[in-house]
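See below for the structure under consideration.
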Number of protein chains: 2
Amino acid sequence: MAPLPGWKVGLVSARTADSARDIPEATVARLPVYLRALTTLVDNGTATCSSEELAAAAGVNSAKLRKDLSYLGSYGTRGVGYDVDYLRYQIAREIGVTQDWPVVIVGIGNLGHALANFSGFRSRGFRVVALLDADPDRRGERVAGIDVRDFADLEPIVREHGVAIGVIATPASAAQDVADQMVEAGIRSILNFAPIVISVPDGVDVRKVDLSIELQILAYHEQRKQSEATA
Amino acid sequence: MAPLPGWKVGLVSARTADSARDIPEATVARLPVYLRALTTLVDNGTATCSSEELAAAAGVNSAKLRKDLSYLGSYGTRGVGYDVDYLRYQIAREIGVTQDWPVVIVGIGNLGHALANFSGFRSRGFRVVALLDADPDRRGERVAGIDVRDFADLEPIVREHGVAIGVIATPASAAQDVADQMVEAGIRSILNFAPIVISVPDGVDVRKVDLSIELQILAYHEQRKQSEATA
DNA sequence: AGGACTTTGTGAACGGGAGAACAAACTGAG
DNA sequence: CTCAGTTTGTTCTCCCGTTCACAAAGTCCT
Ligand SMILES: NC(=O)c1ccc[n+]([C@@H]2O[C@H](COP(=O)([O-])OP(=O)(O)OC[C@H]3O[C@@H](n4cnc5c(N)ncnc54)[C@H](O)[C@@H]3O)[C@@H](O)[C@H]2O)c1
Ligand SMILES: NC(=O)c1ccc[n+]([C@@H]2O[C@H](COP(=O)([O-])OP(=O)(O)OC[C@H]3O[C@@H](n4cnc5c(N)ncnc54)[C@H](O)[C@@H]3O)[C@@H](O)[C@H]2O)c1
């Protein structure tokens with residue numbers, strides 16, 4: 001009955017029980033990067049790695065990595081490093097991708113097709129359960145083995161599969177309406193590819209991906225580099 | 001010769017000359033969002049807007065918006081607001097999208113096709129000048145009116161068009177190699193869609209877009225919402 | 001067993017960004 | 001011209017996130 005180990009285990013299991021109180025948002029955003037790096041290491045047959053190695057694979061500072069991991073618990077061994085497979089499981093559990101999340105994609109145009117065909121969904125904790133489009137001409141089309149269905153069927157599909165996450169790949173003009181109906185149907189997490197700010201009630205999370213914004217940020221820095229080179 | 005107007009113009013042109021010294025990175029990342037919102041307002045025929053209105057359209061706090069804009073100069077009028085078209089031009093100039101940037105896309109698979117067909121490039125300051133793929137079967141294929149060419153042609157294309165920005169849409173296994181060759185060819189800004197951290201020399205900017213990471217961040221919050229609901 | 005060595009986990013200092021609050025500056029009515 | 005009303009630009013404070021630096025905790029060799 002050594003006091004320290006007992007206390008430590010108690011603390012760890014306490015954290016596990018109420019699933020880690022408050023993880024900073026910046027850390028949450030990096031956990032998937034660590035998970036990806038660890039999966040690569042597992043595939044390479046690496047059994048153990050140091051914070052330095054993992055940090056390099058994830059493209060971050062090793063001190064930041066260690067601090068991030070410390071929010072989850074003490075999963076490393078001092079003098080040794082981390083058990084790759086064990087740590088990978090712990091992070092996957094923390095993120096919540098030990099089981100697959102059902103996802104619907106709305107707007108099966110250029111981008112929607114690419115998303116539907118994207119094989120990385122399944123391996124990373126997600127399962128596309130429906131493809132929806134408002135255009136009747138899209139109906140009946142099969143994309144990646146899934147029938148494109150009427151957007152009006154959203155609500156029963158969400159109910160049937162317990163869908164919590166929706167992806168918007170419609171034109172910007174339709175995005176707010178699609179989001180409203182997703183919320184109405186019970187979806188509380190939305191990934192929006194349309195270049196517009198959509199507003200949702202409290203309790204609903206929206207993340208956006210905007211290609212043009214990323215390019216424009218690059219353009220800004222590129223412009224500065226070029227004007228410096230001229231000067 | 002009123003002293004105040006003269007002084008103000010002097011200050012603005014001074015800032016314009018050395019192109020706004022140091023704009024915080026967080027602000028740079030929001031300028032494209034403001035630009036997008038302003039373009040929408042212009043399309044709606046709005047001539048003037050307050051920081052409150054623009055902030056709402058951009059999904060940010062109005063104090064933050066005003067502070068961001070203050071880094072560019074004093075483009076508003078107290079008691080009135082901002083001239084939408086004028087401010088839009090100033091932000092576009094600051095970002096560097098008053099002319100089009102030539103862009104190459106490498107990896108014309110599912111995602112590459114969608115990107116090539118994306119019409120928003122042109123209107124937002126970018127022009128796709130080449131589509132490249134290593135697969136000989138892709139050669140000769142025409143996507144969005146552009147011939148898919150051999151990845152080996154990268155260097156002459158970059159030189160001919162003065163390409164500064166490259167987009168990687170290949171599998172992760174090829175991404176580092178593609179990035180190396182882009183840098184070799186003279187590209188100094190890269191947008192990476194492959195789920196891997198790529199390393200580049202100093203002076204080269206990389207931004208990444210990773211769908212799985214975004215979904216996993218949503219999954220984390222969704223998991224917490226659901227476990228809270230249960231408790 | 002003991003001591004040198006390695007690596008984690010964390011306390012503390014630091015820097016940057018977010019937001020509240022207000023003075024300065026402009027408009028327009030009387 | 002003056003004054004009330006409006007909205008910007010900026011200062012100030014607080015908080016979050018990053019990074020340094022080191023004690024604690026383990027391994028491994030002798
Ligand atoms: N294609 C890209 O690479 C790319 C890149 C960045 C951003 N985007 C954005 O992603 C979105 C989709 O782009 P795209 O190129 O696939 O456009 P698209 O026009 O090819 O496809 C849009 C699809 O949405 C469907 N749709 C329209 N209104 C709908 C509604 N109310 N409900 C359900 N479905 C509806 C249309 O029928 C169409 O099939 C756009 O907002 C675009 O700006 C696309
Ligand atoms: N499809 C999506 O919606 C989606 C979403 C998120 C991320 N991604 C990522 O984007 C990347 C592309 O996805 P995809 O679905 O289009 O894959 P894909 O397999 O359909 O296309 C990849 C293309 O890259 C080409 N390629 C391979 N090696 C190359 C090389 N060395 N040089 C030039 N070209 C090369 C292939 O010939 C192929 O045409 C992947 O890394 C994927 O993980 C895709």
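In the text below, chain A, chain B and the rest are named by the order of the sequence lines, each starting its count at 1.
A close approach under 4.0 Å does occur between a side-chain nitrogen or oxygen of Ser74(B) and OP1 or OP2 of dG9(D). At the phosphate of dG17(D), neither OP1 nor OP2 sits under 4.0 Å from any side-chain N or O atom of Asn61(A). Remark: Tyr82(B) is not in phosphate contact with dC26(C), judged by side-chain N or O atoms under 4.0 Å from OP1 or OP2.
In this structure, a donor-acceptor pair under 3.5 Å is present between the side chains of Ser51(A) and Arg66(A).
Donor-acceptor pairing under 3.5 Å, judged by distance alone, is present between the side chain of Arg78(A) and the base of dT8(C). Put simply, the side chain of Lys67(B) and the base of dG19(C) share a donor and an acceptor less than 3.5 Å apart.
Using a 4.5 Å cut-off on side-chain heavy atoms (C-beta onward), Leu69(A) and Tyr75(A) make no contact. Residues Glu214(B) and Leu211(B) are not in side-chain contact: their nearest non-hydrogen atoms beyond the backbone lie 4.5 Å or more apart.
Remark: C1' of dA20(C) and CD of Glu52(B) are 13 Å apart, rounded to the nearest angstrom. Here dT10(D) presents its P atom at 13 Å from CG of Asp68(B), a figure rounded to the nearest Å. One interatomic measurement links the two molecules: CD1 of Ile23(B) to P of dG16(C), which rounds to 16 Å at whole-angstrom precision. Note: CZ (Arg30(A)) to C1' (dG17(D)) measures 8 Å, nearest angstrom. Atom P of nucleotide dC20(D) and atom NZ of Lys64(A) are separated by 11 Å, given to the nearest angstrom. Asp22(B) has its CG atom 10 Å from the P atom of dG17(C), to the nearest Å. We find that CG of Leu54(B) is positioned 12 Å from P of dG9(D), with the value rounded to whole Å. Atom-to-atom, OH of Tyr75(A) to P of dT10(C) comes out at 12 Å; the value is rounded to the nearest Å.
Annotation: of the two residues near DNA chain D, Val80(A) and Ala26(A), the 5′-most nearest-nucleotide partner is Ala26(A). Each of Thr77(A) and Glu25(A) has a nearest nucleotide on DNA chain D; the 5'-most of these lies closest to Glu25(A).
When all heavy atoms of Ala57(A) and Val197(B) are compared, the pair lying nearest together is O-CG2, 3.6 Å.
Within the 3.5 Å criterion, the main-chain N or O of Ile196(A) finds a donor-acceptor partner in the side chain of Asn192(A).
Which of dA21(D), dA18(C), dG9(D) sits closest to the side chain of Arg66(B) comes down to dG9(D).
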